[in-house]
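These notes concern the structure reproduced below.
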Amino acid sequence: MHKLIFYELNEVPMRIFEYYQKMRPNSWIAKNYDSLKKSVTYSENGGHLSPWNTWPTVHRGVTNAEHFISDFNQNLTDVDAAFPPIWKVLEKNNVKTGVFGSLHSYPRPEDQGDYSFYVPDVFAAGSECFPKSVEIFQEINLKLSRKSARNVDSSIPLRDMLKLFGKVGSLGFKAGTMADVAGHLAQERTKKWKSVRRRTYQTVISFDVFYKLLVKNKPDFTTFFTNHVASSQHRYWAALFPDDYEDLKYDEEWLNTYSNEILFTMDKTDDMLKKLAKFVDKNPEYRLILASSMGQDAIECEPIETQLYIVDHEKFFSLFDMDNNAFKFLPSMLPQFNYFVQDEDKFRQLIDTFKINGNAISYRYMGENRFSLDLGQQNLKKSEIELNGEKVVFEDSGLENVLIEDKSSATAYHIPEGHFFVYHPSFKKSDILTTQLNSCEIFPTFLQNFGIQLPTYTQKASEHIL
(Lines give C-alpha, C1' and ligand atoms only; values in the text may rest on other atoms or scores of the structure.)
Protein backbone atom coordinates (compact mmCIF):
# COMPACT_ATOMS: atom_id res chain seq x y z
CA MET A 1 0.00 0.00 0.00
CA HIS A 2 1.15 3.53 -0.83
CA LYS A 3 -0.08 6.68 0.83
CA LEU A 4 -1.35 9.05 -1.86
CA ILE A 5 -1.32 12.82 -2.34
CA PHE A 6 -3.79 13.57 -5.14
CA TYR A 7 -3.04 17.03 -6.59
CA GLU A 8 -6.04 17.79 -8.80
CA LEU A 9 -4.74 20.23 -11.42
CA ASN A 10 -7.88 21.06 -13.33
CA GLU A 11 -8.01 20.82 -17.15
CA VAL A 12 -4.27 20.96 -17.93
CA PRO A 13 -3.35 18.92 -21.05
CA MET A 14 0.00 17.27 -21.78
CA ARG A 15 0.88 20.04 -24.24
CA ILE A 16 1.18 22.60 -21.45
CA PHE A 17 3.65 20.41 -19.52
CA GLU A 18 5.73 19.77 -22.62
CA TYR A 19 5.81 23.49 -23.42
CA TYR A 20 6.54 24.46 -19.83
CA GLN A 21 9.55 22.20 -19.36
CA LYS A 22 11.12 23.63 -22.51
CA MET A 23 10.54 27.22 -21.37
CA ARG A 24 11.60 26.52 -17.76
CA PRO A 25 14.46 23.98 -17.99
CA ASN A 26 15.46 24.56 -14.35
CA SER A 27 11.96 23.98 -12.97
CA TRP A 28 11.01 20.97 -10.84
CA ILE A 29 8.71 19.78 -13.62
CA ALA A 30 11.49 19.90 -16.24
CA LYS A 31 14.06 18.17 -14.02
CA ASN A 32 11.66 15.36 -13.10
CA TYR A 33 9.49 15.06 -16.21
CA ASP A 34 11.34 12.11 -17.74
CA SER A 35 11.13 10.09 -14.51
CA LEU A 36 7.42 10.59 -13.86
CA LYS A 37 5.02 7.76 -14.58
CA LYS A 38 2.79 9.35 -17.20
CA SER A 39 -0.62 8.57 -18.65
CA VAL A 40 -2.83 10.52 -21.03
CA THR A 41 -6.27 10.37 -19.45
CA TYR A 42 -9.47 10.56 -21.45
CA SER A 43 -13.03 11.16 -20.31
CA GLU A 44 -15.84 9.05 -21.77
CA ASN A 45 -18.51 11.40 -20.41
CA GLY A 46 -21.27 12.17 -22.88
CA GLY A 47 -22.55 15.61 -23.85
CA HIS A 48 -21.01 18.84 -22.63
CA LEU A 49 -17.72 18.31 -20.78
CA SER A 50 -17.31 20.47 -17.69
CA PRO A 51 -15.35 20.03 -14.46
CA TRP A 52 -18.55 19.64 -12.46
CA ASN A 53 -19.34 16.43 -14.41
CA THR A 54 -15.85 15.09 -15.23
CA TRP A 55 -14.39 15.23 -11.70
CA PRO A 56 -17.30 13.17 -10.31
CA THR A 57 -16.37 10.59 -12.95
CA VAL A 58 -12.81 10.49 -11.59
CA HIS A 59 -13.97 10.44 -7.98
CA ARG A 60 -16.71 7.81 -8.43
CA GLY A 61 -15.49 5.56 -11.24
CA VAL A 62 -18.58 5.93 -13.46
CA THR A 63 -19.44 8.33 -16.29
CA ASN A 64 -22.17 10.95 -16.19
CA ALA A 65 -24.48 8.43 -17.87
CA GLU A 66 -24.64 6.84 -14.41
CA HIS A 67 -23.87 9.54 -11.85
CA PHE A 68 -25.98 12.26 -13.55
CA ILE A 69 -24.07 15.07 -11.82
CA SER A 70 -24.36 18.12 -14.06
CA ASP A 71 -24.33 21.19 -11.79
CA PHE A 72 -23.01 22.49 -8.51
CA ASN A 73 -25.24 22.28 -5.45
CA GLN A 74 -27.30 19.38 -6.68
CA ASN A 75 -28.66 17.18 -3.94
CA LEU A 76 -26.23 14.26 -4.08
CA THR A 77 -27.79 12.06 -1.39
CA ASP A 78 -28.98 9.36 -3.79
CA VAL A 79 -25.87 9.59 -5.99
CA ASP A 80 -23.59 9.27 -2.98
CA ALA A 81 -25.49 6.18 -1.86
CA ALA A 82 -25.17 4.53 -5.27
CA PHE A 83 -21.73 5.80 -6.33
CA PRO A 84 -19.94 7.37 -3.33
CA PRO A 85 -16.85 9.53 -4.00
CA ILE A 86 -13.42 8.19 -3.21
CA TRP A 87 -13.08 10.09 0.06
CA LYS A 88 -16.31 8.62 1.46
CA VAL A 89 -15.32 5.08 0.49
CA LEU A 90 -11.87 5.41 2.04
CA GLU A 91 -13.12 7.01 5.25
CA LYS A 92 -15.75 4.28 5.61
CA ASN A 93 -12.94 1.71 5.33
CA ASN A 94 -10.90 3.37 8.10
CA VAL A 95 -8.38 5.00 5.76
CA LYS A 96 -7.22 8.33 7.18
CA THR A 97 -8.39 10.82 4.56
CA GLY A 98 -7.94 14.54 3.91
CA VAL A 99 -10.08 16.57 1.50
CA PHE A 100 -9.17 20.06 0.32
CA GLY A 101 -11.27 21.77 -2.32
CA SER A 102 -12.35 18.75 -4.37
CA LEU A 103 -15.47 19.52 -6.40
CA HIS A 104 -18.81 18.42 -4.93
CA SER A 105 -17.27 17.87 -1.49
CA TYR A 106 -19.81 20.13 0.24
CA PRO A 107 -21.40 19.67 2.73
CA ARG A 108 -18.82 18.67 5.29
CA PRO A 109 -19.68 15.39 7.08
CA GLU A 110 -21.48 15.85 10.37
CA ASP A 111 -18.80 14.05 12.37
CA GLN A 112 -15.10 13.86 11.66
CA GLY A 113 -14.78 10.08 11.60
CA ASP A 114 -11.50 9.08 9.94
CA TYR A 115 -11.09 12.40 8.14
CA SER A 116 -7.78 14.05 9.00
CA PHE A 117 -9.17 17.31 7.62
CA TYR A 118 -12.05 18.35 5.40
CA VAL A 119 -12.18 21.66 3.51
CA PRO A 120 -14.96 21.70 0.84
CA ASP A 121 -14.80 23.34 -2.59
CA VAL A 122 -15.18 27.06 -3.33
CA PHE A 123 -18.76 26.54 -4.51
CA ALA A 124 -19.79 25.48 -1.01
CA ALA A 125 -22.90 27.11 0.41
CA GLY A 126 -21.23 27.46 3.82
CA SER A 127 -17.77 27.63 5.42
CA GLU A 128 -17.97 24.54 7.66
CA CYS A 129 -14.62 22.69 7.83
CA PHE A 130 -12.54 20.20 9.81
CA PRO A 131 -10.69 21.44 11.77
CA LYS A 132 -12.87 24.32 12.84
CA SER A 133 -9.83 26.63 12.96
CA VAL A 134 -9.76 26.60 9.13
CA GLU A 135 -13.28 28.04 8.86
CA ILE A 136 -12.06 31.65 9.06
CA PHE A 137 -9.90 30.98 6.01
CA GLN A 138 -12.72 29.20 4.16
CA GLU A 139 -15.14 32.03 4.86
CA ILE A 140 -12.79 34.53 3.21
CA ASN A 141 -11.85 32.06 0.46
CA LEU A 142 -15.52 31.69 -0.53
CA LYS A 143 -16.07 35.43 -0.42
CA LEU A 144 -13.09 36.15 -2.69
CA SER A 145 -14.18 33.46 -5.16
CA ARG A 146 -17.67 34.96 -5.44
CA LYS A 147 -16.28 38.47 -6.01
CA SER A 148 -13.82 37.45 -8.72
CA ALA A 149 -15.89 34.97 -10.71
CA ARG A 150 -15.44 36.80 -14.07
CA ASN A 151 -13.71 40.12 -13.45
CA VAL A 152 -11.23 40.13 -10.59
CA ASP A 153 -12.32 42.38 -7.73
CA SER A 154 -9.29 44.67 -7.48
CA SER A 155 -10.25 46.18 -4.13
CA ILE A 156 -8.19 45.10 -1.13
CA PRO A 157 -10.40 43.58 1.60
CA LEU A 158 -8.38 44.97 4.50
CA ARG A 159 -10.69 43.70 7.23
CA ASP A 160 -10.55 40.16 5.85
CA MET A 161 -6.79 40.34 5.35
CA LEU A 162 -6.29 41.44 8.95
CA LYS A 163 -8.35 38.45 10.09
CA LEU A 164 -6.12 36.11 8.12
CA PHE A 165 -2.86 37.78 9.16
CA GLY A 166 -3.95 37.31 12.77
CA LYS A 167 -4.02 33.55 12.13
CA VAL A 168 -0.73 33.26 10.23
CA GLY A 169 0.74 30.71 12.61
CA SER A 170 -2.30 28.50 13.07
CA LEU A 171 -3.25 28.43 9.37
CA GLY A 172 0.27 27.84 8.09
CA PHE A 173 0.96 30.89 5.92
CA LYS A 174 4.63 31.05 5.00
CA ALA A 175 6.63 34.27 5.28
CA GLY A 176 7.66 33.86 1.64
CA THR A 177 4.01 33.63 0.58
CA MET A 178 3.09 36.78 2.46
CA ALA A 179 6.04 38.64 0.92
CA ASP A 180 5.08 37.37 -2.54
CA VAL A 181 1.47 38.53 -2.13
CA ALA A 182 2.58 41.93 -0.82
CA GLY A 183 4.98 42.34 -3.74
CA HIS A 184 2.25 41.47 -6.20
CA LEU A 185 -0.17 44.02 -4.73
CA ALA A 186 2.56 46.65 -5.06
CA GLN A 187 2.99 45.72 -8.74
CA GLU A 188 -0.74 46.20 -9.35
CA ARG A 189 -0.37 49.91 -8.56
CA THR A 190 1.61 50.48 -11.76
CA LYS A 191 0.29 47.55 -13.82
CA LYS A 192 -3.39 47.25 -12.98
CA TRP A 193 -3.92 44.44 -15.48
CA LYS A 194 -1.91 42.15 -13.18
CA SER A 195 -4.90 41.99 -10.86
CA VAL A 196 -5.92 38.92 -12.93
CA ARG A 197 -3.21 37.05 -11.03
CA ARG A 198 -5.17 37.29 -7.80
CA ARG A 199 -6.96 34.09 -8.74
CA THR A 200 -3.60 32.32 -8.74
CA TYR A 201 -2.51 33.90 -5.46
CA GLN A 202 -5.72 32.64 -3.89
CA THR A 203 -4.53 29.13 -4.76
CA VAL A 204 -1.04 29.87 -3.41
CA ILE A 205 -2.51 30.95 -0.08
CA SER A 206 -4.82 27.93 -0.03
CA PHE A 207 -1.87 25.63 -0.62
CA ASP A 208 -0.11 26.93 2.49
CA VAL A 209 -3.18 26.01 4.54
CA PHE A 210 -3.35 22.58 2.90
CA TYR A 211 0.36 21.93 3.32
CA LYS A 212 0.27 22.56 7.06
CA LEU A 213 -2.69 20.18 7.40
CA LEU A 214 -0.79 17.57 5.37
CA VAL A 215 2.40 17.79 7.42
CA LYS A 216 0.57 17.87 10.74
CA ASN A 217 -1.88 15.02 10.07
CA LYS A 218 -0.11 12.86 7.46
CA PRO A 219 -3.28 11.22 6.12
CA ASP A 220 -3.13 8.02 4.11
CA PHE A 221 -4.92 9.74 1.22
CA THR A 222 -5.53 13.41 0.53
CA THR A 223 -6.79 15.64 -2.28
CA PHE A 224 -5.96 19.21 -3.22
CA PHE A 225 -7.95 20.82 -6.04
CA THR A 226 -6.91 23.91 -7.96
CA ASN A 227 -8.38 25.71 -10.99
CA HIS A 228 -5.76 28.46 -11.37
CA VAL A 229 -4.09 27.11 -14.53
CA ALA A 230 -7.40 26.15 -16.16
CA SER A 231 -8.76 29.65 -15.55
CA SER A 232 -5.72 31.19 -17.24
CA GLN A 233 -5.84 28.73 -20.17
CA HIS A 234 -9.47 29.60 -20.92
CA ARG A 235 -8.67 33.30 -21.04
CA TYR A 236 -5.13 33.50 -22.42
CA TRP A 237 -4.42 30.43 -24.57
CA ALA A 238 -4.58 32.70 -27.62
CA ALA A 239 -1.88 34.94 -26.14
CA LEU A 240 0.47 31.98 -25.60
CA PHE A 241 -0.32 30.05 -28.80
CA PRO A 242 -1.54 32.63 -31.37
CA ASP A 243 -0.63 30.33 -34.26
CA ASP A 244 -3.40 27.92 -33.19
CA TYR A 245 -6.03 30.25 -34.71
CA GLU A 246 -7.05 30.78 -38.31
CA ASP A 247 -8.62 34.18 -37.63
CA LEU A 248 -7.19 35.69 -34.45
CA LYS A 249 -9.04 38.90 -33.62
CA TYR A 250 -7.01 40.03 -30.61
CA ASP A 251 -4.57 42.89 -31.17
CA GLU A 252 -0.83 42.88 -30.50
CA GLU A 253 -1.19 44.86 -27.27
CA TRP A 254 -3.53 42.22 -25.79
CA LEU A 255 -1.29 39.38 -26.96
CA ASN A 256 1.84 40.96 -25.48
CA THR A 257 0.12 41.81 -22.19
CA TYR A 258 -1.16 38.31 -21.46
CA SER A 259 1.38 36.10 -23.28
CA ASN A 260 3.06 34.94 -20.06
CA GLU A 261 -0.02 34.37 -17.89
CA ILE A 262 -0.24 30.59 -18.37
CA LEU A 263 3.49 30.31 -17.68
CA PHE A 264 2.99 32.36 -14.52
CA THR A 265 0.30 30.00 -13.27
CA MET A 266 2.50 27.01 -14.07
CA ASP A 267 5.40 28.63 -12.18
CA LYS A 268 3.22 28.66 -9.07
CA THR A 269 2.20 25.07 -9.75
CA ASP A 270 5.86 24.13 -10.01
CA ASP A 271 6.55 25.73 -6.62
CA MET A 272 3.77 23.66 -5.02
CA LEU A 273 4.90 20.43 -6.65
CA LYS A 274 8.47 21.03 -5.51
CA LYS A 275 7.29 21.32 -1.89
CA LEU A 276 5.12 18.22 -2.17
CA ALA A 277 7.95 16.25 -3.80
CA LYS A 278 10.28 17.24 -0.96
CA PHE A 279 7.64 15.95 1.48
CA VAL A 280 7.48 12.64 -0.44
CA ASP A 281 11.28 12.41 -0.47
CA LYS A 282 11.26 12.64 3.34
CA ASN A 283 8.23 10.33 3.63
CA PRO A 284 8.80 7.67 0.93
CA GLU A 285 5.66 5.76 1.89
CA TYR A 286 3.83 8.44 -0.14
CA ARG A 287 3.25 8.80 -3.88
CA LEU A 288 2.54 12.24 -5.38
CA ILE A 289 -0.17 12.07 -8.05
CA LEU A 290 -0.82 14.97 -10.39
CA ALA A 291 -3.96 14.66 -12.53
CA SER A 292 -6.77 16.35 -14.41
CA SER A 293 -10.23 15.05 -15.30
CA MET A 294 -9.91 16.37 -18.89
CA GLY A 295 -7.90 19.02 -20.76
CA GLN A 296 -8.21 22.13 -22.93
CA ASP A 297 -7.29 23.14 -26.46
CA ALA A 298 -7.74 26.21 -28.67
CA ILE A 299 -11.13 27.25 -30.04
CA GLU A 300 -11.92 30.07 -32.43
CA CYS A 301 -12.86 33.18 -30.49
CA GLU A 302 -13.20 36.93 -30.49
CA PRO A 303 -12.68 39.59 -27.81
CA ILE A 304 -15.54 39.97 -25.33
CA GLU A 305 -16.52 43.50 -24.40
CA THR A 306 -19.54 42.52 -22.26
CA GLN A 307 -21.44 39.51 -20.93
CA LEU A 308 -25.00 39.42 -19.64
CA TYR A 309 -25.26 38.41 -15.98
CA ILE A 310 -27.80 38.52 -13.18
CA VAL A 311 -26.39 41.12 -10.81
CA ASP A 312 -29.45 41.71 -8.61
CA HIS A 313 -31.10 38.41 -7.65
CA GLU A 314 -33.96 40.05 -5.75
CA LYS A 315 -34.86 42.33 -8.65
CA PHE A 316 -34.66 39.42 -11.10
CA PHE A 317 -37.05 37.27 -9.07
CA SER A 318 -39.44 40.15 -8.57
CA LEU A 319 -40.18 39.73 -12.30
CA PHE A 320 -41.66 36.34 -11.37
CA ASP A 321 -43.65 37.89 -8.53
CA MET A 322 -41.38 36.29 -5.94
CA ASP A 323 -39.95 38.07 -2.92
CA ASN A 324 -36.60 37.47 -1.24
CA ASN A 325 -37.97 34.57 0.84
CA ALA A 326 -39.19 32.63 -2.20
CA PHE A 327 -35.76 31.82 -3.64
CA LYS A 328 -32.16 31.21 -2.63
CA PHE A 329 -29.07 31.80 -4.74
CA LEU A 330 -26.78 28.75 -4.87
CA PRO A 331 -23.06 29.22 -5.67
CA SER A 332 -22.13 28.25 -9.22
CA MET A 333 -19.53 28.92 -11.92
CA LEU A 334 -20.37 31.79 -14.27
CA PRO A 335 -22.16 32.04 -16.63
CA GLN A 336 -24.39 29.60 -14.72
CA PHE A 337 -26.82 30.90 -12.11
CA ASN A 338 -28.25 28.28 -9.76
CA TYR A 339 -31.28 28.81 -7.51
CA PHE A 340 -33.53 27.04 -5.07
CA VAL A 341 -37.09 28.21 -5.85
CA GLN A 342 -39.97 27.69 -3.41
CA ASP A 343 -42.74 27.52 -6.02
CA GLU A 344 -41.06 25.50 -8.76
CA ASP A 345 -44.21 25.08 -10.88
CA LYS A 346 -44.81 28.82 -11.05
CA PHE A 347 -41.15 29.53 -11.83
CA ARG A 348 -40.92 26.84 -14.50
CA GLN A 349 -44.09 28.12 -16.20
CA LEU A 350 -42.72 31.67 -16.37
CA ILE A 351 -39.06 30.93 -17.11
CA ASP A 352 -40.22 29.05 -20.22
CA THR A 353 -41.53 32.42 -21.50
CA PHE A 354 -38.41 34.41 -20.59
CA LYS A 355 -36.63 35.71 -23.70
CA ILE A 356 -33.59 37.85 -24.40
CA ASN A 357 -33.68 39.51 -27.81
CA GLY A 358 -36.36 37.03 -28.82
CA ASN A 359 -34.40 33.96 -27.73
CA ALA A 360 -35.41 31.67 -24.88
CA ILE A 361 -32.72 31.06 -22.28
CA SER A 362 -31.37 27.61 -21.58
CA TYR A 363 -31.95 26.12 -18.15
CA ARG A 364 -31.89 22.77 -16.39
CA TYR A 365 -34.05 21.47 -13.59
CA MET A 366 -31.78 19.81 -11.01
CA GLY A 367 -34.56 18.30 -8.89
CA GLU A 368 -35.90 19.32 -5.49
CA ASN A 369 -36.82 22.89 -6.50
CA ARG A 370 -33.37 23.66 -7.93
CA PHE A 371 -32.79 25.31 -11.30
CA SER A 372 -29.62 26.15 -13.23
CA LEU A 373 -29.90 29.07 -15.70
CA ASP A 374 -27.37 29.68 -18.49
CA LEU A 375 -26.61 33.31 -19.31
CA GLY A 376 -23.39 35.05 -20.34
CA GLN A 377 -24.59 36.33 -23.73
CA GLN A 378 -21.70 38.22 -25.30
CA ASN A 379 -21.35 41.68 -26.83
CA LEU A 380 -25.07 42.41 -26.98
CA LYS A 381 -25.86 45.49 -29.05
CA LYS A 382 -29.36 45.52 -27.61
CA SER A 383 -30.97 43.85 -24.60
CA GLU A 384 -34.69 43.39 -25.05
CA ILE A 385 -36.25 41.35 -22.25
CA GLU A 386 -39.62 39.65 -22.55
CA LEU A 387 -41.57 37.67 -19.94
CA ASN A 388 -44.93 36.00 -20.48
CA GLY A 389 -45.33 37.85 -23.75
CA GLU A 390 -44.74 41.31 -22.24
CA LYS A 391 -41.69 43.54 -22.53
CA VAL A 392 -39.63 44.18 -19.39
CA VAL A 393 -37.69 47.40 -18.79
CA PHE A 394 -34.06 46.28 -18.82
CA GLU A 395 -33.15 48.38 -15.79
CA ASP A 396 -35.87 46.57 -13.81
CA SER A 397 -34.71 43.06 -14.78
CA GLY A 398 -31.77 42.59 -12.41
CA LEU A 399 -29.61 41.90 -15.49
CA GLU A 400 -26.56 43.85 -16.59
CA ASN A 401 -24.21 43.75 -19.55
CA VAL A 402 -21.06 43.51 -17.44
CA LEU A 403 -17.90 45.02 -18.90
CA ILE A 404 -15.17 42.34 -19.22
CA GLU A 405 -11.99 44.09 -18.18
CA ASP A 406 -9.43 41.85 -19.90
CA LYS A 407 -11.69 41.25 -22.95
CA SER A 408 -10.93 37.54 -22.66
CA SER A 409 -13.32 35.05 -24.15
CA ALA A 410 -12.93 31.29 -23.91
CA THR A 411 -9.84 31.12 -26.15
CA ALA A 412 -9.45 27.46 -25.16
CA TYR A 413 -12.08 24.96 -24.13
CA HIS A 414 -12.60 21.44 -22.83
CA ILE A 415 -11.32 18.31 -24.53
CA PRO A 416 -11.52 14.71 -23.24
CA GLU A 417 -7.74 14.23 -22.92
CA GLY A 418 -5.96 15.19 -19.70
CA HIS A 419 -2.97 13.92 -17.72
CA PHE A 420 -2.09 11.54 -14.87
CA PHE A 421 1.45 11.70 -13.46
CA VAL A 422 2.99 9.89 -10.50
CA TYR A 423 6.17 10.96 -8.69
CA HIS A 424 8.36 8.98 -6.33
CA PRO A 425 12.11 9.44 -5.77
CA SER A 426 12.72 5.75 -6.55
CA PHE A 427 11.46 6.09 -10.13
CA LYS A 428 14.09 5.93 -12.86
CA LYS A 429 13.74 6.84 -16.51
CA SER A 430 13.88 3.19 -17.51
CA ASP A 431 10.91 2.42 -15.20
CA ILE A 432 8.53 4.82 -16.87
CA LEU A 433 5.46 3.50 -18.62
CA THR A 434 3.50 5.96 -20.77
CA THR A 435 -0.07 4.76 -21.16
CA GLN A 436 -3.59 5.87 -21.94
CA LEU A 437 -5.90 5.85 -18.94
CA ASN A 438 -9.69 5.97 -18.90
CA SER A 439 -10.61 8.44 -16.16
CA CYS A 440 -13.04 5.83 -14.75
CA GLU A 441 -10.02 3.63 -13.92
CA ILE A 442 -8.57 6.05 -11.38
CA PHE A 443 -11.18 5.33 -8.69
CA PRO A 444 -10.76 1.51 -8.67
CA THR A 445 -6.97 1.89 -8.86
CA PHE A 446 -7.00 3.98 -5.69
CA LEU A 447 -9.28 1.48 -3.94
CA GLN A 448 -7.10 -1.44 -4.96
CA ASN A 449 -4.05 0.37 -3.59
CA PHE A 450 -5.70 0.44 -0.16
CA GLY A 451 -6.82 -3.18 -0.35
CA ILE A 452 -10.52 -2.31 -0.63
CA GLN A 453 -12.80 -4.64 -2.57
CA LEU A 454 -13.95 -3.02 -5.81
CA PRO A 455 -17.69 -2.30 -6.21
CA THR A 456 -19.36 -4.30 -8.96
CA TYR A 457 -20.04 -1.17 -11.03
CA THR A 458 -16.38 -0.18 -11.42
CA GLN A 459 -14.00 -0.92 -14.22
CA LYS A 460 -10.88 -2.95 -13.67
CA ALA A 461 -8.09 -1.18 -11.78
CA SER A 462 -5.13 -0.08 -13.89
CA GLU A 463 -1.92 -2.03 -13.18
CA HIS A 464 1.49 -0.44 -12.60
CA ILE A 465 0.45 3.25 -12.78
CA LEU A 466 1.17 3.82 -9.08
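Ring pair F241/Y19: centre-to-centre distance below 6.0 Å. Residues F210 and F137 place their aromatic rings such that the two centres sit no closer than 6.0 Å. For F264 and H228, the gap between ring centers reaches or exceeds 6.0 Å.
When each of Y423, F6, F279 is tested with Y286 by the rule ring-ring contact (aromatic ring centres under 6.0 Å, His included), just one qualifies, namely F279.
Using cut-offs of 30° and 60° on the angle between ring planes, the pair W254 and Y236 is tilted.
S39 and T435 are linked by a side-chain donor-acceptor pair at a separation below 3.5 angstrom, with hydrogens and angles left out of the test. Side chain to side chain, S43 and T54 fail the donor-acceptor criterion of an N or O pair below 3.5 Å. No donor-acceptor contact under 3.5 angstrom links the side chains of T63 and N45, judged on distance only. With 3.5 Å as the limit, one finds no donor-acceptor pair spanning the side chains of N369 and Y339. N217 and Y115 form no side-chain donor-acceptor contact under 3.5 Å, judged by distance and modelled atom types alone.
A donor-acceptor pair is defined here as one N or O able to donate and one able to accept, closer than 3.5 Å; no such pair exists between the side chain of N438 and the backbone of E44. A donor-acceptor pair under 3.5 Å links the side-chain atoms of T57 to the main chain of V62, judged by distance alone.
The structure places OG1 of T222 at 6.5 Å from CG of L214, a figure rounded to the nearest 0.5 Å. To the nearest 0.5 Å, the span separating OG1 on T269 from CG on L263 amounts to 11.0 Å. Separation of atoms OG (S332) and CZ (F72) is listed at 8.5 Å; rounding is to 0.5 Å.
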R235 vs S231, side chain to side chain donor-acceptor pair (under 3.5 Å): CA-CA, chis, key distance, verdict: CA-CA 7 Å; R235 291 170 169 83; S231 174; 2.6 Å; yes
CA sep, side-chain torsions, deciding dist, call: Y7, L276, side chain to side chain contact (heavy atoms under 4.5 Å, CB included): CA-CA 9 Å; Y7 185 97; L276 291 175; 3.7 Å; yes
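Inter-residue side-chain proximity for K268 and D180 is flagged as met; some heavy-atom pair is nearer than 4.5 Å. Residues H419 and I16 have side chains not in contact (no heavy-atom distance under 4.5 Å, counting atoms from C-beta outward).
K92 has no carboxylate O lying under 4.0 Å from a charged side-chain N of D114, or vice versa, which leaves the two without a salt bridge. Taking the charged nitrogens against the carboxylate oxygens, R364 and D71 do have a contact shorter than 4.0 Å, which makes a salt bridge.
In this structure, R348 forms a cation-pi arrangement with Y365, its terminal cationic atom sitting closer than 6.0 Å to the ring centre and no more than 45° off the ring axis.
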